[in-house]
Amino acid sequence: MKILIAPLLLLLPFLVKAQIITGSQLKITDRGGGKLKNAPKKVYFREFNIGYQVIAQNSATSNIGNNSEKISMTAGLDSKLVNEDFIELTNKAYQKVASKLTAAGFEIMSGEAAGKIDIYKSSKPLYGGIPFLKNGYVYYSPSNTIHYQHGGIGLTDPIGKISKQLGDIPVIDFGMNISFANLVEDRKGGGGSVLKGNIDLGAYPFLSMISWNGDMMFSALKSQITIHPKGFKPFPIPGVIKSEKIAKLAQADYKYDLNMNLKYFQDKKTVITNPVAADRELYIQKVGQALD
């Protein structure tokens with residue numbers, strides 16, 4: 001990988017002293033990153049979200065004729081973790097990033113100042129430290145921060161306009177999911193289906209991006225660096241929960257009475273609940289290291 005001084009300076013807070021995740025595990029997509037050396041030494045965090053999975057649910061259904069079978073599975077994190085633990089993990093992660101950027105000579109624009117630009121005037125402010133639940137994850141932003149709903153993804157993402165209206169400064173997006181279970185349905189031929197699951201603690205940066213408009217026409221980006229895990233799989237966080245693989249087959253069938261020459265249709269439903277034990281202190285320690 002070629003060395004890019006300015007991009008690596010911005011990435012430094014995410015990579016140094018990484019005890020769980022190392023730079024060799026990351027894929028960095030660089031589009032004009034070298035031009036960041038000409039950017040102002042001021043940045044804005046458009047997003048900083050960490051999601052902690054607390055429950056995972058899915059089901060598998062098979063149908064053969066009028067017969068059906070459904071298997072539902074729920075995996076819940078069984079620990080003594082409380083709301084304050086997740087807030088502290090999130091705050092510490094942000095504080096480390098902010099302190100390293102500041103030490104490197106960068107100024108971080110506040111959410112209050114960012115809220116004055118045109119694109120945010122009609123946006124709903126999102127206050128840090130207040131959790132919200134989505135798809136089994138509880139998401140947190142750092143306490144005492146403000147972010148804004150911006151809308152749009154991919155080609156419709158207004159990131160270029162945001163960068164320009166903020167004073168032509170780089171914009172940082174960061175999002176990490178801490179997951180412990182992945183349950184998926186695997187459809188089979190003939191109407192059968194298998195519910196598969198992996199129980200294992202991991203960290204997945206679903207959003208990690210530095211963008212700079214660079215005073216380009218039509219808000220086209222001059223620079224953008226995106227970070228992904230190689231293979232797009234969560235980084236394992238070992239030693240916190242017991243790893244387990246689950247496979248449950250849903251296969252509809254029927255009963256047949258030879259004497260009466262009758263076929264009996266039947267529907268079956270199975271519910272499986274899996275508590276996943278996690279030590280609170282170990283979770284806090286290992287997840288904190290992964291976020292470093």
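- Contact detail for Gly32 and Ser223: the closest heavy-atom pair is O-OG, 2.6 Å.
- For Phe206, the ring pair (Phe, Tyr, Trp, His ring centres under 6.0 Å) criterion is met by no residue, not counting sequence neighbours.
- Checking side-chain atoms of Glu185 against main-chain N and O of Thr61 turns up a donor-acceptor pair under 3.5 Å.
- With rounding to the nearest 0.5 Å, the separation of CD1 in Ile117 from NZ in Lys164 is 12.5 Å.
- With sequence neighbours excluded, the residues satisfying salt bridge (Lys or Arg N to Asp or Glu O under 4.0 Å) with Lys121 are Asp118.
- Side-chain contact check for Pro229 versus Pro205: some heavy-atom pair is nearer than 4.5 Å.
- No continuous path of ILVMFWY side-chain contacts below 4.5 Å connects Ile119 to Leu126, so the two sit in separate hydrophobic clusters.
- Residues forming a ring pair (Phe, Tyr, Trp, His ring centres under 6.0 Å) with Tyr94 (at least two apart in sequence, or on another chain): Phe45, Phe48.
- For the salt bridge (Lys or Arg N to Asp or Glu O under 4.0 Å) test, no residue two or more places apart in sequence or in another chain qualifies with Lys233.
- Side-chain atoms of Gln53 do not come within 3.5 Å of backbone N or O of Gly136 as any donor-acceptor pair.
- To the nearest 0.5 Å, atom OG1 of residue Thr273 and atom CD of residue Gln57 are 9.0 Å apart.
- At least one side-chain heavy atom of Leu36 sits less than 4.5 Å from a side-chain heavy atom of Pro170.
- Interatomic distance, OH of Tyr204 versus CD1 of Ile178, reported as 13.0 Å (0.5 Å rounding).
- Under the rule for a side-chain hydrogen bond (donor to acceptor under 3.5 Å, both in side chains), the partners of Asp85 that lie at least two apart in sequence or sit in another chain are Arg280.
- Atom CD1 of Ile169 sits about 11.5 Å away from atom CG of Asn213, to the nearest 0.5 Å.
- Both Leu133 and Phe86 are assigned to one and the same hydrophobic cluster, defined by single-linkage of ILVMFWY side chains at heavy-atom distances under 4.5 Å.
- Grouping the Ile, Leu, Val, Met, Phe, Trp and Tyr side chains by contacts below 4.5 angstrom, directly or via other members, places Ile284 with Leu282.
- Partners of Asn91 by side chain to side chain contact (heavy atoms under 4.5 Å, CB included), not counting sequence neighbours, listed by chain and number: Ile87, Gln95, Pro142, Ser143.
- Of all heavy-atom pairs between Ile199 and Ile246, the closest is CG1-CD1, 4.0 Å.
- Here Tyr120 pairs with Tyr148 under the ring pair (Phe, Tyr, Trp, His ring centres under 6.0 Å) rule; sequence neighbours left out.
- In this structure the side chain of Ser163 never reaches within 4.5 angstrom of the side chain of Tyr44, judged on heavy atoms.
- Judged purely by atom type and a 3.5 angstrom limit, Lys41 uses its side chain to pair as donor or acceptor with the backbone of Ala104.
- Remark: Ser59 engages Lys70, Ser72 in a side chain to side chain contact (heavy atoms under 4.5 Å, CB included) (not counting sequence neighbours).
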Could you list the donor-acceptor pairs under 3.5 angstrom formed by side chains in residues 76-84, with sequence neighbours left out?
from	atom 1	to	atom 2	distance (Å)
Ser79	OG	Leu81	N	3.2
Asn83	OD1	Tyr140	OH	2.4

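- For Ser211, the side chain to side chain contact (heavy atoms under 4.5 Å, CB included) criterion is met by Ile159, Met209, Leu221, Gln224, not counting sequence neighbours.
- Here CG of Leu291 is found 13.5 Å from NZ of Lys286. Values are rounded to the nearest 0.5 Å.
- Between Ala278 and Ile241 the shortest heavy-atom distance is CB-CG2, 3.5 Å.
- In this structure a side-chain-to-backbone donor-acceptor pair under 3.5 Å is present from Ser123 to Gln149.
- Side-chain contact between Ile50 and Leu89: absent, with no pair of heavy atoms (C-beta onward) separated by less than 4.5 Å.
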_Residues Arg46, Asp157; criterion side-chain contact (heavy atoms from CB on, under 4.5 Å); working and verdict_ = CA-CA 12 Å; Arg46 182 173 67 161; Asp157 188 346; 2.8 Å; yes
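- For Glu244, the salt bridge (Lys or Arg N to Asp or Glu O under 4.0 Å) criterion is met by no residue, not counting sequence neighbours.
- Ser99 contributes a side-chain N or O that, together with a main-chain N or O of Lys96, makes up a donor-acceptor pair within less than 3.5 Å.
- What you find for Thr102 and Ile108 is that their closest heavy atoms are OG1-CD1, 4.5 Å.
- Scanning both residues, Asp168 and Trp212, for their nearest heavy atoms gives O-NE1, 3.0 Å.
- The nearest pair of heavy atoms linking Val276 to Ala75 is CG2-CB, 4.3 Å.
- The number of heavy atoms from other shown groups lying within 6.0 Å of CD (Gln165) is above 12.
- Under the 4.5 Å side-chain criterion, counting only non-hydrogen atoms from C-beta, Val287 is not in contact with Val240.
- Rounded to the nearest 0.5 angstrom, Ile28 CD1 and Lys230 NZ are separated by 9.0 Å.
- Residues Met176 and Tyr139 do not share a hydrophobic cluster, clusters being chains of Ile/Leu/Val/Met/Phe/Trp/Tyr side chains in contact below 4.5 Å.
- With sequence neighbours excluded, the residues forming a side chain to side chain contact (heavy atoms under 4.5 Å, CB included) with Glu47 are Asn49, His150, Asp173, Leu207, listed by chain and number.
- Proximity of Ile237 to Phe180: side-chain heavy atoms (C-beta onward) are nowhere separated by under 4.5 Å.
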